[in-house]
Number of protein chains: 2
Amino acid sequence: MAVSTNKRTRIQGINRGIILDAALEVFSAYGFRGSTIDQIAAKAGMSKPNLLYYFPRKEDIYVTVLEKTLEDWLTPFRDIDPDGDPVEELRKYTILKMKMSAAQPASSQLFANEILHGAPAIQEFLKTNLKQLVDEKAAVIKAWIADGRLAPVDPHHLIFMIWATTQHYADFDVQVQAILPEESRQPEFFDSAADAVLTILLNGIKPR
Amino acid sequence: MAVSTNKRTRIQGINRGIILDAALEVFSAYGFRGSTIDQIAAKAGMSKPNLLYYFPRKEDIYVTVLEKTLEDWLTPFRDIDPDGDPVEELRKYTILKMKMSAAQPASSQLFANEILHGAPAIQEFLKTNLKQLVDEKAAVIKAWIADGRLAPVDPHHLIFMIWATTQHYADFDVQVQAILPEESRQPEFFDSAADAVLTILLNGIKPR
DNA sequence: CAAAAACTTGACTGATTGGTCAAAATGTAG
DNA sequence: CTACATTTTGACCAATCAGTCAAGTTTTTG
């Protein structure tokens, strides 16, 4: 992490990156209201006024982290290939999302928290950019169905289902870990989770 | 709502109920840290000191609402009948959860928020009561699979999948509404959502 | 290497908010 | 109707926290 973000100078690039990394951890754990600038500053290893030198308001940090995160999570969705094999494309996408849930639960949690509380910072984005992208991919799925290469299911709800299921493992991790039998709670646990999810999902949408 | 809760006196019963209803609305919308006692008191139509007369600490209100909510959501899960038809039992359960997501999104959101932030107030409950209940139902599903009445899938992950998918419609409502085509955003929208979810899910788990 | 620009921070401020308290108002039992 | 218990509230307090400011320190530039 710690990717330099819009570096005007060398130091700016480094420090903005450090701050955003710290902010992701803090905001995802405690939510916007539950996080303090002091916490983020401490985690970033700098004083509060120094942090405010880079991001004048708490909200600026939050929105910046959120937007960066959103882009990350949308990339694999964009990459769904209309010319690929339907089942294979959806398997690939689902596995990728499961892997992201395992590797970066914090960013999924940050996003979940934002939506859960009414998406005050990104409602516009959802209604415009995201909606357009989803409509696009829904059309692709519709075409696959028309060609008889996928069972007839509502594309939007199929997309929701993949999102819900995969992100569940990041967002509800505490619950998953509390419930799963001890022997399943290994590092490779995500593989078997992906297996189970894919079995049900793919059998559910294969053409009949 | 406004069910009298452990009424010592008539007034206590009424007012505790009113407070808990108000608290559910406020906490689910803003989270624990994001909600203020003043907000809850205002929504309950009483002064802050009066509210604190019934629940001495903010956390007391929160925990009480959370526990009440949890019980509500677990009841239909408990009711899954080992002697019923597997596919029919899971269909019934899924539809019920979809309906609850539509009718009481606030309580689902309250719970989601708690888990999302590490379940500080109910971790013990998850590890003991909930785990035991889930293990029980997982055993039922396992038996169904052994009898060839259900496709072989990991029971725990199947349960997670149903939870994730159904609660998604309550917890991510803002996103769902932002993305769904306008013509699908009718009151009956939940029926078509349930349809789509059930189609995929049930086809995914029917014995092959 | 000197001057300017960029960066850093201790000390502070005002607003918010969880919780207290003592006095008043209301309800209830005999 | 009276005495007692319960309920209600305005005024207040202490802690927390976002954001400011002025005075420093470090880095860059010519």
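In what follows, chains carry the letters A, B, and so on, assigned in the order in which the sequence lines appear, proteins first and then strands, with residues in each chain numbered from 1.
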Trainee: Can you measure B:Q12 atom CD to C:dT28 atom P for me and round it to whole angstrom units?
Mentor: 12 Å
Trainee: Where does the angle between the aromatic ring planes of B:F160 and A:H168 fall among parallel (under 30°), tilted (30 to 60°) and perpendicular (over 60°)?
Mentor: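 B:F160 vs A:H168 ring planes: tilted.
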Trainee: Starting at the 5' end of DNA chain C and moving along, which residue's nearest nucleotide shows up first, B:P56 or A:Y53?
Mentor: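 The residue mapped nearer the 5' terminus is A:Y53.
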Trainee: Among C:dT8, D:dT28, D:dA18, which nucleotide has an atom closest to any side-chain atom of A:N15?
Mentor: C:dT8
Trainee: On the ring face of B:F55, is B:R16 found with NZ or CZ under 6.0 Å from the centre and within 45° of the axis?
Mentor: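 Yes, a cation-pi geometry.
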Trainee: Looking only at side-chain atoms of B:R57, point me to the closest of C:dT8, C:dG19, D:dT8.
Mentor: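 For B:R57, the side-chain atoms sit closest to C:dG19.
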Trainee: Taking CG from B:D38 and P from C:dG18, how many angstroms apart are they, rounded to a whole number?
Mentor: 7 Å
Trainee: Write down the distance between CD1 (B:I11) and C1' (C:dT28), rounded to a whole number of angstrom.
Mentor: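 After rounding, the reported distance stands at 10 Å.
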Trainee: Grab the CD1-P distance between B:I40 and C:dG19 for me, whole Å please.
Mentor: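 Going from B:I40 (CD1) to C:dG19 (P), I get 11 Å.
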Trainee: How are the rings of B:Y169 and B:F189 set relative to one another: parallel (under 30°), tilted (30 to 60°) or perpendicular (over 60°)?
Mentor: tilted
Trainee: Do the numbers put A:K58 on top of the ring of A:F32, so that NZ or CZ is under 6.0 Å from the six-membered ring centre and no more than 45° off the axis?
Mentor: yes
Trainee: Among C:dC7, D:dG19, D:dT8, which nucleotide sits nearest the side chain of A:I37?
Mentor: D:dG19
Trainee: Of the candidate nucleotides D:dG10, C:dG18, D:dT20, which contains the atom at the shortest distance from the side chain of B:P49?
Mentor: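 Looking only at side-chain atoms, B:P49 lies closest to D:dG10.
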Trainee: Just how far, in rounded Å, is C1' of C:dG10 from CG of A:L51?
Mentor: 16 Å
Trainee: Answer with yes or no after comparing the ring centroid distance for A:W163 and A:F77 against a 6.0 Å cut-off, counting only values under it.
Mentor: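 Yes, ring centres under 6.0 Å apart.
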Trainee: Would you mind classifying the nucleic acid contact of A:L52 as base, sugar-phosphate or nothing, using non-hydrogen atoms under 4.0 angstrom?
Mentor: base
Trainee: Choose from D:dC17, C:dG19, C:dC7 the nucleotide whose nearest atom is closest to any side-chain atom of A:T36.
Mentor: D:dC17
Trainee: So, under a plain 3.5 Å distance rule, would you say the side chain of A:K58 forms a donor-acceptor pair with the base of D:dG19?
Mentor: no
Trainee: Tell me what A:S47 touches on the nucleic acid: a base, only sugar-phosphate, or nothing, going by heavy atoms under 4.0 Å.
Mentor: base
Trainee: Let me know the distance between CZ of B:R10 and C1' of C:dG27, rounded to the nearest Å.
Mentor: 9 Å
Trainee: Which nucleotide, D:dA18, C:dT8, C:dT17, lies nearest any side-chain atom of A:R33?
Mentor: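 Nearest to the side chain of A:R33 among the choices is C:dT17.
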Trainee: To the nearest angstrom, how far is A:D60 atom CG from D:dA18 atom C1'?
Mentor: 12 Å
Trainee: Return the value, rounded to whole Å, for the distance between atom OH of B:Y62 and atom P of C:dG18.
Mentor: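 Rounded to whole Å, this separation is 15 Å.
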Trainee: Among D:dT8, D:dT27, C:dT9, which is the nearest nucleotide to the side chain of B:N50?
Mentor: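 So the nucleotide nearest the side chain must be D:dT8.
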Trainee: Heavy atoms only, 4.0 Å cut-off, all strands: where does A:Y54 land among base, sugar-phosphate and nothing?
Mentor: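 Contact class for A:Y54: sugar-phosphate only.
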